[in-house]
Amino acid sequence: MSLRNYLFSITEPAVLSTSLLEDENIQFDIPQQNSFGDFSTNIALLLAKKAKTNPRQLAQKIVDAIKYDEQIISKIEIAGPGFINFFYSSGFIANSILSILEAKSNFGKSDKYSGKKANVEFVSANPTGPLTVGHGRNSVFGDTVSSLLEWVGYSVDREYYFNNAGRQMRVLGDSVRIRYLQLLGSDIEFPADYYQGEYITDIAKSLVEEHGDKLKEENAEGLFKDKAENVIFSDIKETLGRLGIRHKHFYNENTLYEEGKIKSVLNIFSEKGMSYEKEGATWLKLAELGNDQDKVIVKSTGEPTYRLPDIAYHITKFERGYDLIIDIFGSDHKDTYPDVLAALKSLGYNTEAIKVLLHQFVTVIKDGEVVKMSTRKANYVTLDELVDEVGVDVTRYFFNMRSVSSHMNFDLDLAKKQSDDNPVFYLQYAHARICSIIRNAKEAGLESSTDSLITLSTSEEQSLIKKLLLFPDIVLFAANSFETHKITGYLQELAECFHRFYTVCRIIGSEQKLAESRLSLALATQIVLQNGLTLLGLSAPERM
RNA sequence: GCCCCGGUAGCUCAGUGGAUAGAGCGUCGGUUUCCUAAACCGUAGGUCGGAGGUUCAAGUCCUCUCCGGGGUACCA
């Protein structure tokens with residue numbers, strides 16, 4: 001039982017006994033100041049009005065009714081306007097690290113959602129060019145959210161949705177074709193709105209090498225497009241692979257056409273009277289569903305707009321039996337998904353199961369200037385270049401350390417310059433330090449023991465243990481809110497607690513029982529650091 | 001016009017309606033006969049964009065407003 005759960009178990013009956021608890025949830029916060037205890041609740045402040053009494057009197061009444069184990073809780077105080085502050089006994093805290101040492105790599109995991117299936121769709125960039133730093137945020141965040149969900153029991157399928165047909169891809173194929181002709185000496189002009197990137201020329205070069213001038217009469221959509229798609233897609237997968245990201249499914253939009261799912265959705269809309277024809281196009285009655293206005297789902301050219309396959313695609317996710325469906329988009333998709341959700345809802349699907357997580361844009365700053373990202377204009381910094389410069393760990397850490405709702409500034413020069421002094425190294429260093437202690441202890445013949453954990457009583461030791469015990473709560477909280485930056489923030493605080501402990505509390509050379517206990521504490525810290533780093537997809541180095 | 005996100009220390013950003021608003025980097029100063037100084041300790045730095053309101057309590061919730069970003073297609 002976590003520390004928080006124990007408090008709930010003793011406090012709820014006490015509050016109930018005052019006959020005041022109805023729908024109020026008892027919250028336990030960790031106060032900023034140690035003098036306010038290990039945990040604090042404001043329940044008396046919230047219920048005072050209902051109880052027609054003042055908060056402090058009510059708090060006293062509740063405290064009097066709390067039955068607790070004095071081995072666990074050392075004291076309960078009322079403070080300020082009516083807070084109830086709980087102090088755990090230091091012996092109980094110290095012995096709690098047993099749970100960490102026993103759980104090992106499972107510490108922090110829970111089975112809260114076991115048996116549930118989740119689908120997390122992310123990256124989903126069409127194969128028109130290399131992944132950029134902008135895609136990096138989506139990729140890393142999506143992968144980490146997936147891991148978080150796995151840690152709380154979900155079975156997670158990572159999915160990549162792509163489209164290798166349509167106008168974009170025609171332009172891509174034609175871009176390669178024109179570069180190919182230019183390489184063969186043609187003075188044909190390269191249109192300004194075609195893909196300007198150098199990778200296009202590279203692909204054209206390899207075609208020249210493979211086929212000579214035999215492709216002069218080929219059209220854009222055949223070999224040129226296919227070659228471009230294959231090369232680009234394998235680059236994308238390689239980049240993701242470097243970051244440790246592997247999708248289980250690559251879902252091709254084309255499948256929806258081949259399997260008749262587009263037609264079938266169209267038929268349903270038509271049968272239900274949800275669509276109509278106007279000016280040669282097919283419109284969906286979104287206004288009736290509470291959205292701003294009706295939107296086109298099939299253009300007058302006969303081509304569907306993106307909404308139609310998106311709807312059909314999400315239907316397949318429901319059909320595939322997912323309990324939780326997560327879509328990770330950049331903020332530029334803000335106005336597209338409400339249409340899809342409204343349509344799905346009207347078809348009887350439970351759209352509560354769909355969570356659309358929008359992340360704000362990454363502003364890349366290079367040489368002191370903002371880089372305006374555009375694949376078409378070849379004005380971008382690729383994700384590969386970023387990984388080359390700062391490494392996998394820094395890249396993953398950086399994209400996970402900010403709330404996704406915040407616009408992120410990514411100063412490349414700074415990231416490079418600070419790579420020796422980066423926050424990720426701070427916590428990796430804590431891990432390496434522990435590994436070093438373990439090596440030295442072995443040499444000195446010191447073995448860890450949990451027989452006298454009660455000797456861990458200094459404020460540095462106690463703070464560290466309390467921080468360690470918090471990990472499962474943080475994981476669950478982060479998973480429920482899909483916030484990976486809660487994990488990076490927590491690990492940062494944990495490393496800080498450890499470094500302080502390390503500075504003040506010597507292990508090897510201390511009195512035997514104390515040394516054994518402190519070594520146990522170091523081992524427990526190593527477990528939590530390693531688990532946290534693993535969850536984020538970062539390495540836990542043994543030496544630095 | 002309308003919709004979404006942001007505005008908190010010099011910079012980048014945390015901050016469950018709670019007690020004296022925090023961290024990292026940068027400033028300035030200190031710590032090493034001792035398990036890794038990629039560390040630790042201290043210092044300075046704030047009208048939480050602005051104005052109203054709700055509340056015992058507002059950086060946090062509501063209204064209005066200013067600034068920056070994104071969107072508002074028969075593009076995706």
Side-chain angles (χ1 to χ4, degrees), chain A residues 27-33 35-36 40-42 45-46 48-49 54-55 79-83 85 124-126 128 163 166-168 253 278-283 292-293 295-307 309-310 329-336 338 358-361 363 398 401-411 414-415 417-430 432-441 443-444 446 477 481 485-486 488-489 492-493 495-496 498-510 515 518-519 522 543-544:
Chain A
Q27 299 274 351
F28 294 98
D29 296 321
I30 297 174
Q32 288 173 17
Q33 274 190 72
S35 62
F36 294 146
S40 168
T41 182
N42 62 354
L45 290 159
L46 294 176
K49 193 170 261 181
N54 81 54
F83 293 105
N85 297 334
S124 295
N126 288 335
T128 59
N163 169 12
R167 207 181 70 87
Q168 267 189 329
E253 181 184 319
K278 193 178 91 181
E279 297 159 2
T282 307
W283 296 68
D292 284 350
Q293 50 183 329
K295 296 276 176 65
V296 170
I297 50 175
V298 181
K299 298 185 233 175
S300 53
T301 60
E303 257 183 312
T305 62
Y306 65 89
R307 288 180 197 91
D310 270 10
F329 298 141
S331 60
D332 54 337
H333 282 64
K334 159 70 188 69
D335 277 356
T336 70
L358 293 180
H359 59 84
Q360 296 298 314
F361 275 10
T363 304
F398 203 99
M401 70 187 283
R402 304 278 157 75
S403 146
V404 284
S405 65
S406 105
H407 301 264
M408 192 168 127
N409 276 346
F410 202 130
D411 188 327
L414 202 66
K417 217 186 301 174
Q418 291 184 348
S419 64
D420 272 354
D421 213 2
N422 200 287
V424 66
F425 294 126
Y426 182 74
L427 52 104
Q428 287 181 323
Y429 181 58
R433 260 187 160 173
I434 296 170
C435 292
S436 173
I437 292 169
I438 293 167
R439 285 190 299 267
N440 291 326
E443 215 165 281
L446 176 67
F477 183 57
S481 56
H485 73 284
K486 301 287 183 199
T488 53
Q492 210 57 228
E493 289 170 15
E496 188 183 331
F498 173 76
H499 284 306
R500 245 199 311 263
F501 158 76
Y502 176 91
T503 305
V504 177
C505 305
R506 218 187 138 69
I507 297 176
I508 298 162
S510 288
R518 283 179 172 170
L519 190 53
R543 294 172 198 271
M544 283 176 75

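As judged by a 4.0 angstrom heavy-atom cut-off over every strand, A:C435 is placed among residues making no nucleic acid contact. Among the protein residues, A:R167 comes within range of no part of the nucleic acid, since none of its heavy atoms lies under 4.0 Å from any strand. Within the 4.0 angstrom heavy-atom criterion, base atoms lie near A:S300. Among the atoms of the strands shown, none is found under 4.0 Å from any heavy atom of A:A48. Using a 4.0 Å heavy-atom cutoff across all strands shown, A:Q33 reaches at least one base atom of the nucleic acid. Residue A:T282 is classed as having no contact, given no heavy-atom separation below 4.0 Å to the nucleic acid.
A distance of about 15 Å separates the C1' atoms of B:rG6 and B:rG15, rounded to the whole Å. Between B:rU8 and B:rC67, the two C1' atoms lie 15 Å apart (nearest whole Å). Taking atom P on both B:rA14 and B:rU20, the two are 25 Å apart, rounded to the nearest angstrom. Atom C1' of B:rC4 sits at a distance of 42 Å from the matching atom of B:rU43, rounded to the whole Å. Across the C1' atoms, B:rA73 and B:rU65 are found 31 Å apart, a figure rounded to whole Å. A gap of 36 Å separates the P atoms of B:rU47 and B:rA38, to the nearest Å. Look at the P atom in both B:rC11 and B:rC48: the space between them is 16 Å, to the nearest Å. For the P atoms, the distance linking B:rG42 with B:rU36 amounts to 24 Å, nearest Å.
Annotation: of the two residues near RNA chain B, A:I437 and A:Q168, the 5′-most nearest-nucleotide partner is A:I437. Looking at which nucleotide of RNA chain B each of A:W283 and A:Y429 is closest to, the 5′-most match is held by A:Y429.
Side-chain atoms of A:L358 and A:K334, non-hydrogen and from C-beta on, do get closer than 4.5 Å to each other. Using a 4.5 Å cut-off on side-chain heavy atoms (C-beta onward), A:N126 and A:Q168 make contact.
For B:rC5, its base never sits under 3.5 Å from the side chain of A:S405 at any donor and acceptor pair. With hydrogens and angles left out, the side chain of A:E279 and the base of B:rC74 share a donor-acceptor pair within 3.5 Å.
Separating the NZ atom of A:K49 from the C1' atom of B:rA57 is a distance of 12 Å, rounded to the nearest angstrom. Regarding A:F498, its CZ atom lies at a distance of 13 Å from the P atom of B:rA39, rounded to whole Å. In this entry the distance linking CG of A:N422 with C1' of B:rA38 reads 11 Å, nearest Å. Taking atom CG on A:N54 and atom C1' on B:rA57, their separation rounds to 15 Å, with Å as the unit. Computed from coordinates, the A:N409 CG to B:rG6 C1' distance equals 11 Å when rounded to whole Å. Atom CD in A:E443 sits roughly 13 Å away from atom P in B:rC35 (whole-Å rounding). Straight-line distance from the CE atom of A:M408 to the C1' atom of B:rG68: 18 Å, rounded to whole Å. As a whole-Å value, the separation of A:F36 CZ from B:rA21 P is 12 Å.
OP1 or OP2 of B:rU20 has not a single side-chain nitrogen or oxygen of A:Q32 nearer than 4.0 Å. The side chain of A:N440 contributes an N or O atom lying less than 4.0 Å from OP1 or OP2 of B:rU36.
Nucleotide B:rA57 forms a pair with no other nucleotide shown, judged by Watson-Crick or G-U wobble geometry with both contacts under 3.5 Å. Across all strands shown, B:rU12 forms a Watson-Crick or G-U wobble pair, both distances under 3.5 Å, with B:rA23. Partner assigned to B:rC2 is B:rG71, using Watson-Crick or G-U wobble distances below 3.5 angstrom. Summarising the base pairing, B:rA39 is matched to B:rU31 through a Watson-Crick or G-U wobble pair whose two defining distances lie under 3.5 Å. Both distances falling under 3.5 Å, in either a Watson-Crick or a G-U wobble arrangement, occur for no nucleotide opposite B:rG46.
Residue A:N42 holds its CG atom at 10.0 Å from CZ of A:F28, rounded to the nearest 0.5 Å. Distance check, rounded to the nearest 0.5 Å: CD of A:E496 to OH of A:Y426 gives 5.0 Å. For the atom pair NZ (A:K299) and CD (A:E279), the distance works out to 15.5 Å, reported to the nearest 0.5 Å. For the atom pair CG of A:L446 and CZ of A:R518, the computed distance is 11.5 Å after rounding to the nearest 0.5 Å. The CE atom of A:M401 sits 7.0 Å away from atom CD of A:Q492, with the distance rounded to the nearest 0.5 Å.
At least one test fails for A:R433 against the ring of A:F498: distance under 6.0 Å to the centre or angle within 45° of the axis.
No side-chain donor-acceptor contact under 3.5 Å links A:D29 and A:S40.
Using a 5.5 Å limit on the distance between ring centres and a 30° limit on the angle between planes, the aromatic ring of A:Y426 does not count as stacked on the six-membered base ring of B:rA38.
The two atoms that bring A:L45 and A:P55 nearest to each other are CD2-CB, 3.7 Å, heavy atoms only.
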Does the side-chain contact (heavy atoms from CB on, under 4.5 Å) test come out yes or no for A:F501 and A:I507, once each step is laid out?
-> CA-CA 10 Å; A:F501 158 76; A:I507 297 176; 4.3 Å; yes

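When the nucleotides B:rU36, B:rC40, B:rC74 are ranked by their closest atom to the side chain of A:R500, B:rC40 comes out on top. Candidate nucleotides B:rC5, B:rC40, B:rC35 were compared by shortest atom distance to the side chain of A:I507, and B:rC35 ranks first.
Outside the 6.0 Å centre-distance limit, the rings of A:F83 and A:F36 are not counted as a close aromatic pair.
Salt bridge annotation for A:E443-A:R439: absent, with no cationic side-chain nitrogen under 4.0 angstrom from a carboxylate oxygen.
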Do any N or O atoms of the protein come closer than 3.5 Å to N or O atoms of nucleotides 69-73 of chain B, and which pairs are they?
unit_1, atom_1, unit_2, atom_2, d
B:rG70, OP1, A:K372, NZ, 3.3
B:rG71, O2', A:D335, OD2, 3.1
B:rU72, O4', A:D335, OD2, 3.2

Quick test: give all pairs of protein nitrogen or oxygen and nucleotides 15-18 of chain B nitrogen or oxygen below 3.5 Å, distance rounded to 0.1 Å.
unit_1, atom_1, unit_2, atom_2, d
B:rG15, OP1, A:H485, NE2, 2.9
B:rG15, OP1, A:K486, NZ, 2.9
B:rG18, N7, A:N42, ND2, 2.7

